[in-house]
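Computed from a predicted structure; not experimentally measured.
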Amino acid sequence: MTSPQDDDRFDWRAAERDLTEDAPDANVVDLDAARTARTSTNPDDDGPVLVDSPAAQRAPRFTLDGVRAGQRRPILPAWLRSRAELRDTMRWAVGHLLHATAYHATRLPKYAGKLALRAPAGAWRMLSGATRWLFDWEGEPVRQATVRRESAEDYLKLSRQRDRRVRWRGIVATFTLAVALAGGVAVALAPEWARWAVLALLVTLCGMVGQPADKPLLDTAVVVPRVARLTSDVVVRALAVLGISGISQAIAKQGTRAIAFTAPITRDGPGWRADIDLPPGVTAGDVIERRDRLAAGLTRPLGCVWPEGQPEVHPGRLLLWVGDQDMAATKPAVWPLLKASGGFDLGGPVPFGTDPRGRIISFDLPYTNLLIGSIPGYGKTAATQVPMLAAALDPYAELWCFDFKGTGGLDPLEKVSARYASGQDDDTAEEGLLALRELRKECQRRAAIIKGLPKAVCPDNKVTPELARRRKLGLHWLVVALDEVQELFSHAEFGKEAGELAEKIIKLGRALGVILVVATQRPDAKSLPTGVSANAGTRFCLRVMGQIENDMILGTSAYKNGIRATMFAKKDKGVGYLVGAADDAQIVRTFYVDGPTAEKITDRARALREAAGTLTGHAIGQTPATPAARRDTLLDDILTVVPATEPKVWAETLTERLADLNPEAYGDLTRDQLTAALKPYGISTGQVWGTDPATGKGANRRGIDRTDITDAVAERNKRHGDKAA
């Protein structure tokens with residue numbers, strides 16, 4: 001038959017007459033029934049199956065590729081696969097058992113009194129129950145019912161049944177009474193301790209029988225919070241009230257099937273875990289930014305609800321973990337290194353905090369650099385302190401600590417630091433800059449040493465834990481903390497050079513045993529150079545207010561992928577996203593070490609260093625020798641040694657004159673160091689014509705223009721005058 005689509009000469013009018021003609025064999029077609037038949041999934045039906053039919057949409061039950069792509073569940077739970085978690089779990093179990101035992105042991109007199117008071121009621125219950133059983137009183141209502149019905153035959157039948165029961169029960173009761181009397185005689189003749197033991201047993205038995213149903217004998221040693229089970233219906237209902245159009249439309253069309261659960265909702269630690277595939281077009285980030293509304297939909301405290309994205313699967317995969325208790329209300333975990341005896345090997349994992357499930361989260365500090373950021377007041381300094389305290393407990397690790405906020409957050413580390421400075425003034429900023437200069441030279445020194453080592457000792461051209469312990473090589477771990485580093489990077493005079501140095505160090509120092517721990521509360525391009533943030537291998541972001549700050553700390557597209565530190569609430573202090581410690585981003589609550597506890601830890605660390613002979617620098621009162629020029633008098637000293645009649649001067653000539661002027665400050669000053677010292681003022685060296693006093697010949701050499709110096713001094717005085725005003 002020719003179809004309208006295949007033949008342009010199709011006669012539409014003839015077809016219309018055929019359809020409207022009142023033929024005797026014409027049938028009225030039910031379109032709904034026809035569509036149903038057309039999309040039938042009956043396997044015996046040989047008709048075609050449409051692409052959008054249920055049969056076509058049904059996934060194959062078993063394919064090799066499908067099995068390979070599947071995610072294998074771990075055979076053992078996480079706490080059995082981790083020695084640290086197993087130790088922590090066993091410690092908790094033993095502590096729980098000891099607590100419950102001690103709790104009930106102290107209440108034994110109370111329990112004994114309860115049993116004694118309840119014993120008479122229990123004895124009466126036992127006696128009355130035995131009497132009712134002996135005389136078959138429980139069957140009396142049935143027998144009386146036959147009397148009311150005047151059914152003599154039923155009454156006689158029940159009476160004979162009662163007589164047989166009472167006869168048999170009487171024999172059992174007589175035998176039991178005889179045994180009891182014999183036992184009583186035996187107890188009367190037994191030693192006194194045995195009589196008291198039998199009496200206590202009888203009182204206990206009667207007391208337990210006489211116990212009221214609503215008044216248990218034992219008090220509750222541990223009150224376990226009761227929370228509602230997390231079900232798929234509860235999750236779908238909570239997602240439906242978020243106000244996300246994609247979810248609302250999908251639920252309106254498909255019902256609960258719009259939300260797919262890729263695995264059963266199961267217990268995961270002290271809470272429930274749900275793996276969810278959101279409707280097409282809805283990302284995990286859409287749900288994460290509405291965490292407060294999600295918690296309201298689940299009727300759970302905000303600190304119990306922790307949604308996470310899984311961008312490695314796809315943007316719409318959501319991992320929802322709902323805890324039994326508010327994370328902020330739970331007792332903070334104790335830092336494992338606090339109770340550890342002896343020192344700590346920085347080459348091993350550093351315990352940093354716990355996740356919402358209470359599991360310990362650690363990361364490797366060597367071969368990485370740590371970047372920490374948040375708005376003020378959410379635990380940034382405390383988070384910085386944790387890895388630095390761990391490094392302090394390694395007597396072979398060297399610490400440099402700089403607190404540019406000046407509030408003393410890192411003061412406990414001063415007693416073990418080779419370099420230390422704290423303050424908001426220019427002097428502290430200068431010390432930080434000088435330290436970065438020295439750190440850059442230290443990287444060059446270490447690179448030369450590693451290059452000269454044989455491949456058998458250093459096969460990967462990087463510092464290993466074994467090399468870090470060989471003191472003669474000088475390749476020990478060097479950990480540098482820069483807290484509130486935005487004060488240094490945004491400094492008018494030192495910021496640019498400090499940023500450039502930090503970028504070089506953070507790129508090269510990773511393999512050289514040099515580790516930077518950088519913390520900032522203002523993560524923008526000026527306060528945190530992109531070269532520093534982009535090359536930090538490990539990042540920890542506590543609460544921030546916007547997407548830009550979030551991505552400056554956690555990395556480009558982190559916000560887009562659902563890793564959003566903007567979701568943390570005011571009470572989520574110390575809680576942030578940790579990126580780089582594992583394959584996936586982790587929500588971590590850092591260990592909190594208060595001031596007095598930190599002092600005890602650093603006292604132990606200092607004792608370890610004294611025993612190992614590794615206490616140096618600031619910790620023993622030594623001032624590090626820095627050949628860099630002094631900031632406060634350099635410009636003035638240059639104007640002193642370069643008269644106004646000499647508009648330009650060679651750099652070599654200038655260093656000689658400065659050394660003659662102040663040998664202590666400028667005795668080791670080189671031309672390159674002078675150039676670096678002038679750079680923060682915007683002064684650069686250029687070609688200067690001059691006469692060599694030794695030979696009397698003229699030549700072009702690197703030098704400065706005196707006018708640049710006078711302009712820089714004028715600008716400095718103007719700026720200082722504005723600050724004073």
Side-chain angles (χ1 to χ4, degrees), residues 352 365 368-388 400-410 413 421-426 428-433 435-436 439 479-507 509 515-556 558-559 563-566 568 572-580 588 590:
F352 185 64
L365 194 57
T368 188
N369 295 279
L370 178 60
L371 174 61
I372 302 173
S374 78
I375 61 176
Y378 281 86
K380 180 174 64 280
T381 300
T384 305
Q385 200 177 56
V386 171
M388 297 306 297
W400 296 5
C401 297
F402 296 91
D403 173 18
F404 299 107
K405 182 170 59 175
T407 57
L410 301 181
L413 294 162
S422 177
Q424 295 184 5
D425 51 16
D426 291 343
T428 304
E430 182 189 21
E431 290 192 45
L433 174 63
L436 290 176
L439 205 58
V479 189
V480 181
L482 304 173
D483 191 21
E484 302 295 350
V485 75
Q486 74 278 352
E487 299 298 326
L488 174 61
F489 288 152
S490 61
H491 194 276
E493 298 179 10
F494 311 134
K496 184 177 180 181
E497 183 185 358
E500 293 174 353
L501 289 170
E503 182 176 347
K504 293 179 181 178
I505 295 167
I506 210 168
K507 288 179 179 179
I515 305 160
L516 288 185
V517 179
V518 180
T520 180
Q521 64 175 247
R522 200 169 67 222
D524 53 43
K526 181 180 179 181
S527 304
L528 184 64
T530 54
V532 175
S533 60
N535 289 281
T538 306
R539 301 131 181 272
F540 184 62
C541 186
L542 299 106
R543 189 185 185 205
V544 292
M545 302 308 295
Q547 176 180 352
I548 297 177
E549 298 89 341
N550 185 87
D551 288 356
M552 283 287 292
I553 298 297
L554 296 177
T556 305
Y559 190 91
I563 307 172
R564 302 182 179 182
T566 55
F568 298 125
D572 292 331
K573 294 186 177 181
V575 180
Y577 261 113
L578 180 64
V579 174
V588 178
T590 59

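- How far CZ of R539 is from CG of N369: 10.5 Å, rounded to the nearest 0.5 Å.
- The shortest heavy-atom contact between G409 and D403 is N-OD2, 3.6 Å.
- Between the side chain of N550 and the backbone N or O of I563, at least one donor-acceptor pair lies under 3.5 Å.
- Minimum interatomic distance between L371 and A536 (heavy atoms only, all atoms of both residues): CB-CB, 3.7 Å.
- The side-chain contact (heavy atoms from CB on, under 4.5 Å) check on I548 picks up M552, with sequence neighbours excluded.
- Put simply, CD on E549 and CG on L528 are 11.5 Å apart, with the number rounded to the nearest 0.5 Å.
- Residues V544 and C541 meet the side-chain proximity criterion, which asks for heavy atoms closer than 4.5 Å.
- A 6.0 Å sphere centred on NZ of K405 holds more than 12 heavy atoms belonging to other residues, nucleotides or ligands.
- Residues V479 and W400 form no side-chain contact, since every pair of their non-hydrogen atoms from C-beta on lies 4.5 Å or further apart.
- You'll find the side chain of L501 reaches within 4.5 Å of the side chain of L433, heavy atoms only.
- For the pair F489 and A502, the tightest heavy-atom approach, listed with the atom from each and the gap, is CZ-CB, 3.7 Å.
- Counting heavy atoms from C-beta outward, V518 and L370 have side chains that stay 4.5 Å or more apart.
- Residues satisfying the salt bridge (charged side-chain N to carboxylate O under 4.0 Å, His left out) criterion with E497, sequence neighbours excluded, are R437.
- Cation-pi check for R564 over Y559 is met; the charged atom lies under 6.0 angstrom from the ring centroid and within 45 degrees of its normal.
- In this model, no donor atom of one side chain and acceptor atom of the other lie less than 3.5 Å apart for D551 and T556.
- When each of I372, I375, V588 is paired with L542, the side chain to side chain contact (heavy atoms under 4.5 Å, CB included) condition holds for I372 and for no other.
- Atoms CD and CG, on E487 and D483 in that order, are 10.5 Å from each other to the nearest 0.5 Å.
- Here the OG-NZ distance, from S374 to K573, works out to 11.0 Å after rounding to the nearest 0.5 Å.
- Put simply, the side chain of S533 gets close to the backbone of T530: a donor and an acceptor are under 3.5 Å apart.
- The shortest non-hydrogen separation linking K380 to A519 is CG-CB, 3.9 Å.
- The heavy-atom pair separating S422 from T407 by the smallest distance is OG-N, 4.5 Å.
- Taking A429 as the reference, L488, H491, F494 meet the side-chain contact (heavy atoms from CB on, under 4.5 Å) condition, with sequence neighbours excluded.
- Between M388 and V517 the shortest side-chain heavy-atom distance falls below 4.5 Å.
- You'll find the side chain of T590 stays beyond 4.5 Å of the side chain of L578, heavy atoms only.
- Side chain to side chain, E484 and Q521 meet the donor-acceptor criterion of an N or O pair below 3.5 Å.
- For the pair A435 and F402, the tightest heavy-atom approach, listed with the atom from each and the gap, is CB-CZ, 3.3 Å.
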Self-check item: Step-by-step ring-ring contact (aromatic ring centres under 6.0 Å, His included) determination, Y378 to F568
Solution: CA-CA 10 Å; Y378 281 86; F568 298 125; 9.3 Å; no
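- A 4.5 Å side-chain heavy-atom check between F404 and T428 finds at least one atom pair inside the cut-off.
- When side chains are defined from C-beta on, V480 does not count as touching I515, because their heavy atoms never get closer than 4.5 Å.
- Taking CG of L413 as the start and CD of Q385 as the end, the distance is 6.0 Å to the nearest 0.5 Å.
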Quiz item: Going through the distances and angles, do E503 and K507 end up as a salt bridge (charged side-chain N to carboxylate O under 4.0 Å, His left out)?
Solution: CA-CA 6 Å; E503 182 176 347; K507 288 179 179 179; 3.1 Å; yes
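- Going from atom CG of L554 over to atom OH of Y577 covers 9.0 Å, rounded to the nearest 0.5 Å.
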